[in-house]
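Chain letters run A, B, ... following the sequence lines, proteins first, then strands; residues in each count from 1.
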Protein chains: 4
Amino acid sequence: MSEHEDRQLVGAFPYVPQQKRAQQKRNSLLESGRELFIKNGYEPTTAKEIATHAGVAIGTFYRYFSDKRQLLLSLLQNQLDKMLPPEPKWVMANPERFLASILESHFKQLEQIGLHQVLPELIIRDPELAEVLIQSRKNWHARILTGLQQAKEKGLTWPDLELEMVAWSILVILENIPKKEKESGLKTDCVELAKIICRMVFPPKGMTP
Amino acid sequence: MSEHEDRQLVGAFPYVPQQKRAQQKRNSLLESGRELFIKNGYEPTTAKEIATHAGVAIGTFYRYFSDKRQLLLSLLQNQLDKMLPPEPKWVMANPERFLASILESHFKQLEQIGLHQVLPELIIRDPELAEVLIQSRKNWHARILTGLQQAKEKGLTWPDLELEMVAWSILVILENIPKKEKESGLKTDCVELAKIICRMVFPPKGMTP
Amino acid sequence: MSEHEDRQLVGAFPYVPQQKRAQQKRNSLLESGRELFIKNGYEPTTAKEIATHAGVAIGTFYRYFSDKRQLLLSLLQNQLDKMLPPEPKWVMANPERFLASILESHFKQLEQIGLHQVLPELIIRDPELAEVLIQSRKNWHARILTGLQQAKEKGLTWPDLELEMVAWSILVILENIPKKEKESGLKTDCVELAKIICRMVFPPKGMTP
Amino acid sequence: MSEHEDRQLVGAFPYVPQQKRAQQKRNSLLESGRELFIKNGYEPTTAKEIATHAGVAIGTFYRYFSDKRQLLLSLLQNQLDKMLPPEPKWVMANPERFLASILESHFKQLEQIGLHQVLPELIIRDPELAEVLIQSRKNWHARILTGLQQAKEKGLTWPDLELEMVAWSILVILENIPKKEKESGLKTDCVELAKIICRMVFPPKGMTP
DNA sequence: TATGAATGAGGATTCATTCAT
DNA sequence: TATGAATGAATCCTCATTCAT
């Protein structure tokens with residue numbers, strides 16, 4: 001039943017089609033929504049636009065989604081799934097490798113990050129959605145935190161490390177890289193970035209902490 | 001002529017009233033706009049709402065602002081002015097003190113930060129406005145960068161410090177603190193934060209770099 | 001494909017419906033517009049009024065017309081087509097018969113003349129529209145002129161006839177008859193009118209020019 | 001009391017100032033109204049515009065005129081006065097001279113004709129005003145008619161002349177000359193025009209009617 | 001008198017949503 | 001199922017008019 005894999009969990013959807021043809025139509029709407037939300041923002045994008053872009057009639061839009069918001073939620077559902085961490089194990093020997101993996105998995109999801117641009121607009125208006133997003137961030141945060149804790153327990157980090165705050169700092173930096181790249185137009189040098197972050201966490205090699 | 005002091009410069013707008021009474025009304029509209037934008041977001045806030053909240057008729061709104069966007073720009077004009085840096089001198093002896101001053105000046109502007117919540121919504125739709133905001137960020141960034149450069153020239157920092165990226169990291173962290181506080185409900189411990197940041201920049205005291 | 005016959009060409013408007021039902025609705029709007037424009041004038045007539053009069057919602061109005069002006073243009077498009085001349089051949093033997101035909105075809109278009117009442121209001125504000133109307137008049141003028149020329153070449157007219165100006169005079173007289181009838185409430189005596197006009201053009205029967 | 005000469009007769013005016021200064025202000029408003037009505041039409045011209053153009057505040061506008069319509073009426077009152085006929089006596093010996101005088105007096109009032117452009121817009125909406133204008137036309141018509149009658153009584157015209165209709169035709173031609181000149185950009189040749197008109201009225205010289 | 005700030009009714013237009021075909 | 005016509009609430013904005021200064 002692999003067709004049901006991404007069945008939506010948020011809200012009660014009017015209809016998740018069983019037939020392949022219909023599935024395609026639904027996906028086409030999702031994809032159109034994603035593109036238009038990213039390009040024009042959430043509010044300014046109309047249901048009609050999405051339908052037209054997807055090559056279906058407006059009535060069809062409302063067959064698959066109760067409204068614009070629900071399409072967005074489905075989209076996020078999909079994306080948040082993709083955001084699930086690729087086993088973020090903090091490898092003690094070479095912490096920078098850990099960061100590399102996080103950065104890698106993060107940047108490979110550039111499209112999904114596109115949606116991130118849209119979210120701030122929504123968080124204010126949609127507390128339910130905000131909650132979902134905050135949870136997602138908390139997961140990220142927790143994963144980073146866990147890694148740090150393990151490293152700390154092994155005596156690898158600064159002994160007085162404020163785990164919470166460092167984890168948060170790392171999270172914030174990672175989150176904002178796409179924005180930085182977009183504004184500057186330059187690709188970020190991951191090695192340098194990892195070095196910087198590691199200095200927050202680990203004392204210099206030659207120094208006994 | 002103190003009445004003219006904060007005359008607005010944003011746009012070529014119809015009217016900035018000369019009379020005290022009218023000035024008050026205009027400010028009242030600005031303040032109402034700020035509150036509602038922060039509370040409900042930009043798009044969902046209507047001109048009528050702002051007028052009603054300010055206790056004036058809708059016509060009065062349009063007397064002072066060509067539209068909602070103009071009001072927002074005026075608001076930002078005010079706020080961005082307030083963001084001008086309070087003598088951002090990087091005091092070599094005690095770098096954490098420098099951070100303290102930045103953090104301090106930053107947190108004292110909590111209201112302005114409120115507006116920041118609104119901005120992402122706008123950046124997609126309003127490239128002109130986006131430009132203004134990006135400029136403002138660049139100023140912040142430049143100021144932090146300058147401080148770091150001076151410190152580096154004095155041999156105080158890690159010798160291989162990637163100035164640009166460190167400055168950007170610091171900026172991002174500072175920018176996101178209000179959001180963090182809002183989400184977690186906790187006040188940030190500035191001392192800890194300063195310590196973390198300093199580790200990105202300076203080698204440990206006892207260590208000759 | 002008779003459904004496509006009277007597809008509108010004015011402007012690039014959203015939608016000319018393919019379905020019969022919708023066509024009817026569109027025509028109903030056109031007719032309502034015509035009536036209200038004639039009765040109340042162009043400016044004072046609102047889109048809402050037209051929609052209500054046509055028995056549809058305001059949204060439906062904007063489905064078929066981008067705005068009031070567009071509706072008017074469509075209306076004129078229809079009417080100007082109807083104004084195309086019914087073979088305006090100047091029959092040499094009996095010039096008054098020629099006039100009769102013009103007058104006849106002119107008076108049979110009383111509804112279209114209704115719209116003429118509306119036009120002066122628009123010409124000032126809408127140069128594009130004014131151009132269309134002036135062209136239409138020029139056509140009329142040209143047709144009258146051609147007839148006169150033929151008559152002149154055959155030696156039927158006053159030899160020193162100022163063709164241009166006579167044609168213009170006839171045009172003006174014809175154009176204003178509806179107004180005259182409206183103001184006086186009396187039907188115009190076409191025979192008398194024809195006689196008067198013919199005296200401008202032709203020397204008396206018994207007189208060799 | 002020559003200052004009172006053009007005291008308004010239409011409606012009850014809020015205020016006709018006695019003082020010279022105020023009179024100037026009032027005239028300035030009238031003149032501004034005239035210019036703007038002619039340039040932009042009646043409806044689209046706002047009271048504010050008129051006031052600004054006249055260099056006074058909007059409140060002042062309403063001191064002198066109850067509203068836009070009343071300003072227009074005052075304007076027409078002035079103009080209609082100017083339209084009073086310069087003793088239109090039909091000189092039997094040379095009828096073309098008569099026409100010359102009419103045409104002359106008519107073309108000397110080109111500015112007033114400017115207002116004529118505005119009237120059609122109003123007639124539909126303002127029956128009271130329409131009445132005034134129709135009366136004015138009737139006066140013109142009556143004057144032309146009288147001249148023709150005298151000529152007819154003297155046996156100068158076609159014996160079967162339809163006085164009413166000829167008078168009307170002449171009126172219509174005269175009325176439309178400014179429009180013609182505006183559209184074609186050419187000055188009308190009065191002599192030719194007079195010739196044409198005379199042929200409607202008088203039999204050829206050599207011919208005993 | 002003159003000013004111009006304030007008012008708010010009213011017109012234009014959009015778009016989410018429904019429903020008959 | 002798919003369509004797209006129809007709806008009308010909601011928003012934007014203007015402008016005639018009033019009234020406190």
Side-chain angles (χ1 to χ4, degrees), chain A residues 14-15 17-19 21-22 25 43-52 55-69, chain B residues 14-15 17-26 43-49 51-52 54-69, chain C residues 14-15 17-26 43-52 54-69, chain D residues 15 17-19 21-22 25 43-52 55-69:
Chain A
Y15 188 72
Q18 314 294 313
Q19 323 263 300
R21 190 81 64 80
K25 226 161 246 191
E43 276 282 0
T45 300
T46 71
K48 181 89 198 306
E49 261 182 308
I50 297 172
T52 302
V56 301
I58 181 65
T60 305
F61 178 99
Y62 283 94
R63 165 159 287 279
Y64 292 116
F65 304 96
S66 66
D67 56 19
K68 211 169 59 166
R69 178 176 176 271
Chain B
Y15 207 65
Q18 317 292 309
Q19 265 130 52
K20 274 236 183 72
R21 186 81 68 84
Q23 266 293 354
Q24 281 166 13
K25 220 153 254 195
R26 187 174 184 282
E43 275 282 359
T45 300
T46 71
K48 182 86 196 305
E49 262 182 306
T52 302
V56 302
I58 182 63
T60 304
F61 179 99
Y62 285 97
R63 176 166 193 72
Y64 294 115
F65 304 97
S66 64
D67 52 21
K68 220 170 48 167
R69 179 174 178 273
Chain C
Y15 207 65
Q18 317 291 309
Q19 266 129 50
K20 275 231 182 76
R21 186 81 68 81
Q23 267 293 355
Q24 281 167 13
K25 219 152 255 192
R26 187 173 184 280
E43 276 282 0
T45 300
T46 70
K48 183 86 198 305
E49 262 181 308
I50 297 172
T52 303
V56 301
I58 182 64
T60 304
F61 179 99
Y62 284 98
R63 174 165 194 72
Y64 294 115
F65 304 97
S66 65
D67 52 21
K68 220 170 47 169
R69 179 176 178 270
Chain D
Y15 189 71
Q18 314 294 311
Q19 323 263 300
R21 189 82 64 81
K25 226 161 247 191
E43 275 282 359
T45 300
T46 70
K48 182 88 198 306
E49 262 181 306
I50 297 171
T52 303
V56 302
I58 181 63
T60 305
F61 178 100
Y62 283 95
R63 166 159 288 278
Y64 292 117
F65 304 96
S66 66
D67 54 21
K68 211 169 58 164
R69 176 175 178 272

Answer yes or no: is there a side-chain heavy-atom contact under 4.5 Å between C:R26 and C:F65? yes
Would a 4.5 Å heavy-atom cut-off, applied to side chains only, mark A:P44 and B:E43 as touching? yes
Quick check against the 3.5 Å criterion: does A:K68 have a side-chain atom that pairs as donor or acceptor with the backbone of A:I50? no
Considering Watson-Crick and G-U wobble pairs with both distances under 3.5 Å, what does E:dA20 pair with? F:dT3
Taking a pair as Watson-Crick or G-U wobble with both distances under 3.5 Å, which nucleotide is matched to E:dT13? F:dA10
To the nearest 0.5 Å, what is the distance between CZ on D:F61 and NZ on D:K25? 15.0 Å
What nucleotide among [options] has an atom nearest to a side-chain atom of [X]?
X: C:I58; options: E:dA16, E:dT14, F:dT1; result: E:dT14
X: B:T60; options: E:dT7, E:dG4, E:dA16; result: E:dT7
X: C:K68; options: E:dA12, E:dT13, F:dC13; result: E:dA12
X: D:A47; options: F:dT18, F:dA16, E:dT14; result: F:dA16

Could you tell me how far apart [X] ([atom1]) and [N] ([atom2]) are, to the nearest whole angstrom?
X: D:K48; N: E:dT3; atom1: NZ; atom2: P; answer: 12 Å
X: A:F65; N: E:dT18; atom1: CZ; atom2: P; answer: 16 Å
X: B:F61; N: F:dC12; atom1: CZ; atom2: P; answer: 8 Å
X: C:R69; N: E:dG11; atom1: CZ; atom2: C1'; answer: 18 Å

Quick check on [N]: is either OP1 or OP2 less than 4.0 Å from any side-chain nitrogen or oxygen of [X]?
X: C:Y62; N: F:dA6; value: no
X: A:Y64; N: F:dT1; value: no
X: C:K25; N: F:dA6; value: yes

Sorted by position of nearest nucleotide on DNA chain E, 5' first, the leading residue of C:T45 and B:G59 is B:G59
Describe the nucleic acid contact of B:T46 in one word from base, sugar-phosphate, nothing, applying a heavy-atom distance below 4.0 Å. sugar-phosphate
Reading DNA chain F from 5' onward, which residue's closest nucleotide shows up sooner: B:E43 or A:A57? A:A57
Which heavy-atom pair separates C:I58 from C:A51 by the least distance, and what is that distance? CA-CB, 4.0 Å
